[in-house]
Trainee: 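Take this structure, written in structure tokens, and hold onto it; I'll ask about it next.
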2 protein chains.
Amino acid sequence: MHKGFYTLKWEGDSVSFIDQRKLPVEEIYVSCRTYKEVAEAIETMVVRGAPAIGVSAAYGIALGLIKSTDTEIYKYEAGFKEICDIIGATRPTAVNLFWAIERMKKAFAEIRGRTSSVSEISAHMLSEAHSIYDEDINVNKAIGRAGSSLVKSGMNILTHCNAGALCAAGYGTALGVVRAAFEQGKKIHVFADETRPFLQGARLTMWELMKDGIDCTLLSDNMSGYMMSKGKIDVIVVGADRIAANGDAANKIGTYSVAVLAKHHNIPMYFAAPLSTVDINCPSGGHIPIEERNLDEVRVINGKSICPPDAKAVNPSFDVTPNSLISGIITEKGIIYPPFESGIKSLFSGGDL
Amino acid sequence: MHKGFYTLKWEGDSVSFIDQRKLPVEEIYVSCRTYKEVAEAIETMVVRGAPAIGVSAAYGIALGLIKSTDTEIYKYEAGFKEICDIIGATRPTAVNLFWAIERMKKAFAEIRGRTSSVSEISAHMLSEAHSIYDEDINVNKAIGRAGSSLVKSGMNILTHCNAGALCAAGYGTALGVVRAAFEQGKKIHVFADETRPFLQGARLTMWELMKDGIDCTLLSDNMSGYMMSKGKIDVIVVGADRIAANGDAANKIGTYSVAVLAKHHNIPMYFAAPLSTVDINCPSGGHIPIEERNLDEVRVINGKSICPPDAKAVNPSFDVTPNSLISGIITEKGIIYPPFESGIKSLFSGGDL
């Protein structure tokens with residue numbers, strides 16, 4: 001779908017991922033032949049980005065079931081539970097992981113009510129994973145269409161981390177908005193925060209935008225405030241890893257700082273995410289678990305220490321932007337504006353915006 | 001003076017610098033045997049930090065004169081002008097460079113009025129450079145004493161870039177405040193922003209604090225907002241590269257973002273700098289030139305691209321924090337509080353605070 005790359009793909013008896021840790025220097029695909037390899041790919045960030053983690057989890061579960069050697073239904077069922085537990089233990093913040101697991105569990109219960117044939121169940125579960133994959137792309141395109149109305153020709157858009165084709169089955173959430181505006185012929189320019197410590201902005205966002213011919217410029221994270229003060233940023237669009245019922249949004253570390261800076265400069269800031277990113281059972285951002293990752297992600301870059309090797313460091317992988325700093329949440333059902341709680345509630349009870 | 005290292009040292013017929021680009025992985029000293037080598041050391045950031053740049057410029061000028069082969073006074077004088085021009089063209093933002101050059105020019109004019117002997121002039125100029133060096137250390141210690149009253153035991157102090165012993169002849173400005181509090185037996189902890197793109201916080205601040213046994217923790221730049229929101233930062237102390245007459249302060253890129261975040265969280269933010277950093281002829285921050293450095297500082301880390309090699313990037317090396325975001329300016333004469341204009345004016349006309 002994109003120019004010469006895909007984020008993840010079902011390959012019949014394996015799941016193939018572009019190794020996002022190697023980009024942009026090398027474009028290498030990794031083939032995961034067991035569900036444990038898929039879990040490891042999620043945990044070590046071969047694949048990352050909330051929607052992509054959800055789709056990967058679904059395929060990982062399908063793969064685990066297809067490769068199961070348990071022909072006895074109760075053992076097979078216990079195996080399914082273990083697969084879900086192991087995949088669910090990979091990354092705590094992105095709710096899409098748990099959303100996908102829940103959806104696969106529902107599909108399992110549904111088909112199990114109709115059959116005890118493990119091969120039938122496995123086939124059904126793979127078909128459910130394919131649906132999740134296909135829906136993800138459609139949802140991203142719908143997010144893009146909804147959000148593109150916010151982007152006018154001539155605008156400079158700031159984004160943080162990578163909420164692009166690489167964070168999803170394809171197209172992207174925040175970069176879905178960018179892509180839709182670009183496809184509509186609008187003349188736009190993207191500033192990409194490099195996004196330390198993992199550098200997703202520098203490595204992934206710049207790579208995929210340049211691949212699609214979208215004009216873009218790289219910033220160190222600490223330059224965005226300066227660029228805002230110089231009037232160089234018109235709008236900010238980022239993704240989200242989990243959105244609470246009140247609209248508080250967890251996203252890659254640094255997003256909160258961008259939001260405070262945006263508020264100070266009166267620049268609108270939007271979060272683009274599928275409804276599967278909304279955790280309706282989570283009342284507010286304070287309840288979202290923040291993943292702490294290995295400190296060497298902070299201390300080491302490109303294989304070399306940037307500080308004394310025994311330096312203390314912190315590595316919170318996400319932060320939470322309170323709803324008061326959010327201009328709108330762009331979903332596949334349209335843009336939710338403040339007050340978010342009622343808009344979110346309405347969408348989740350089958351209503352409109 | 002510090003535990004096993006010095007920033008720069010006069011060596012009789014050369015100036016020796018610790019190569020700050022190699023820290024903390026290697027502790028290597030570079031010997032500059034000509035003034036052009038000193039200019040290059042400043043430009044390529046072997047030595048950096050506003051006060052250290054000033055002291056280096058003074059020694060560079062003295063070295064150039066001592067090594068001059070012009071015995072004829074008018075040629076020697078023309079040579080002096082050229083030395084000042086070349087050293088003055090290295091880095092545009094830090095005003096200490098121009099302050100030191102001006103001071104050396106005054107010393108030259110003064111001795112020239114008394115003698116035409118080039119060797120006498122050279123000896124006098126070296127003595128002036130030594131004075132600048134010695135004064136810098138004393139001034140830093142006075143800044144430390146003045147600022148230490150702001151730091152209570154148990155406090156967590158955030159700093160950005162390196163305003164430490166490595167940014168000056170020794171002791172440091174912002175880290176001078178930290179050192180003075182530490183020497184007074186206060187139990188303190190420092191959070192150091194890594195400070196992309198050049199990573200002075202990770203490489204230099206962490207290194208020199210750990211060397212002196214001061215408790216410290218490394219942060220990626222985009223984590224400081226999150227840490228503030230969690231109540232982990234009590235006070236912020238940074239250095240400055242040029243302070244305008246109204247108190248607007250230029251410092252390493254990212255300082256402005258920290259200041260906006262500090263304001264949002266009601267955390268006091270101080271700039272520590274010698275009066276030689278105040279440019280009394282510069283009415284406000286908008287008049288301070290912002291150095292743009294090589295884009296590969298942003299695109300390449302530890303010798304390896306972090307983005308597609310042909311990616312566009314920006315690299316403003318400094319930003320300006322408006323006086324409205326500054327709680328106080330810590331100088332060797334005491335702490336200037338708002339309104340800064342009158343306080344600065346008073347100090348420059350020989351008055352008190």
Side-chain angles (χ1 to χ4, degrees), chain A residues 24-25 160 191-197 199 201-203 206-207 210-211 215-229 252-261 263-265 290 295 298-316 318-320, chain B residues 24-25 160 191-197 199 201-203 206-207 210-211 215-227 229 252-261 263-265 290 295 298-316 318-320 322:
Chain A
V25 178
H160 188 76
F191 282 109
D193 278 348
E194 64 177 5
T195 319
R196 280 279 289 145
L199 296 166
R203 295 190 298 104
M206 290 300 291
W207 181 78
M210 288 172 72
K211 211 139 189 153
D215 191 22
C216 55
T217 300
L218 177 65
L219 293 179
S220 301
D221 295 318
N222 62 17
M223 293 171 186
S224 55
Y226 171 78
M227 297 304 275
M228 290 185 206
S229 77
K252 184 52 52 196
I253 186 73
T255 304
Y256 169 70
S257 292
V258 172
V260 170
L261 287 160
K263 187 81 167 184
H264 185 81
H265 296 92
I290 300 296
L295 301 181
V298 171
R299 291 187 292 219
V300 178
I301 307 180
N302 284 337
K304 205 170 146 188
S305 274
I306 59 163
C307 61
D310 51 341
K312 290 202 286 185
V314 292
N315 189 13
F318 300 91
D319 56 28
V320 173
Chain B
V25 178
H160 189 75
F191 282 108
D193 277 347
E194 65 176 6
T195 320
R196 280 280 289 145
L199 296 167
R203 296 191 297 104
M206 290 299 292
W207 181 78
M210 288 172 72
K211 211 138 187 154
D215 191 22
C216 54
T217 300
L218 177 64
L219 293 180
S220 301
D221 294 318
N222 62 17
M223 292 172 187
S224 55
Y226 172 78
M227 298 304 276
S229 78
K252 183 52 52 199
I253 187 72
T255 305
Y256 169 69
S257 292
V258 172
V260 170
L261 288 161
K263 186 82 167 183
H264 185 82
H265 296 92
I290 300 296
L295 301 182
V298 171
R299 291 187 292 220
V300 179
I301 306 180
N302 285 338
K304 206 169 146 189
S305 274
I306 60 162
C307 62
D310 52 341
K312 291 203 285 186
V314 292
N315 189 13
F318 301 91
D319 55 28
V320 173

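The shown structure was predicted, so the numbers you read here are calculated from the model rather than taken from an experiment. So you know, we letter chains A, B, ... as the sequences are listed, proteins then strands, and number each from 1.
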Trainee: Consider side-chain contact (heavy atoms from CB on, under 4.5 Å). Of L295(B), N315(B), V298(B), which one does L218(A) pass it with?
Mentor: V298(B)

Trainee: If you count heavy-atom pairs under 4.5 Å between each of G225(B), P308(B), S257(B) and chain A, which one has the most?
Mentor: P308(B)

Trainee: With a 4.5 Å cut-off on side-chain heavy atoms, are W207(A) and C307(B) touching?
Mentor: no

Trainee: Mind checking what makes ring pair (Phe, Tyr, Trp, His ring centres under 6.0 Å) contact with Y226(B), not counting sequence neighbours?
Mentor: none

Trainee: Do M206(A) and I306(B) make a side-chain contact, defined as non-hydrogen atoms from C-beta onward lying under 4.5 Å apart?
Mentor: no

Trainee: Between P197(B), P24(B), A311(B), which residue shows the highest count of heavy-atom pairs closer than 4.5 Å to chain A?
Mentor: P24(B)

Trainee: Using the test ring pair (Phe, Tyr, Trp, His ring centres under 6.0 Å), find all partners of F191(B) that sit at least two apart in sequence or belong to another chain.
Mentor: H189(B)

Trainee: Looking at L219(A), I253(A), D319(A), which has the largest count of heavy-atom pairs under 4.5 Å with chain B?
Mentor: I253(A)

Trainee: Please state whether the side chain, the backbone, both or neither of V25(B) comes within less than 4.5 Å of a heavy atom of chain A.
Mentor: side chain

Trainee: Taking the side chain as every heavy atom from C-beta outward, state whether K312(A) and C216(B) have any pair of such atoms under 4.5 Å apart.
Mentor: no

Trainee: I'd like to know which of V314(B), D310(B), I290(B), V258(B) tops the heavy-atom pair count under 4.5 Å against chain A.
Mentor: V314(B)

Trainee: Considering only heavy atoms, which portion of M210(B) lies under 4.5 Å from any heavy atom of chain A: side chain, backbone, both, or neither?
Mentor: side chain

Trainee: With a 4.5 Å cut-off on heavy-atom pairs, point out which of H264(A), R196(A), M228(A), M227(A) contacts chain B the most.
Mentor: R196(A)

Trainee: Test D221(B) against N222(A) for side chain to side chain donor-acceptor pair (under 3.5 Å), laying out the working first.
Mentor: CA-CA 6 Å; D221(B) 294 318; N222(A) 62 17; 3.0 Å; yes

Trainee: Pick whichever of H160(A), E194(A), H265(A) has the most heavy-atom pairs under 4.5 Å with chain B.
Mentor: E194(A)

Trainee: Can you confirm whether I301(B) sits close enough to K304(A) that some side-chain heavy atom of one is under 4.5 Å from a side-chain heavy atom of the other?
Mentor: no

Trainee: Hey, does the side chain of N302(B) reach the backbone of N302(A) with a donor-acceptor pair shorter than 3.5 angstrom?
Mentor: no

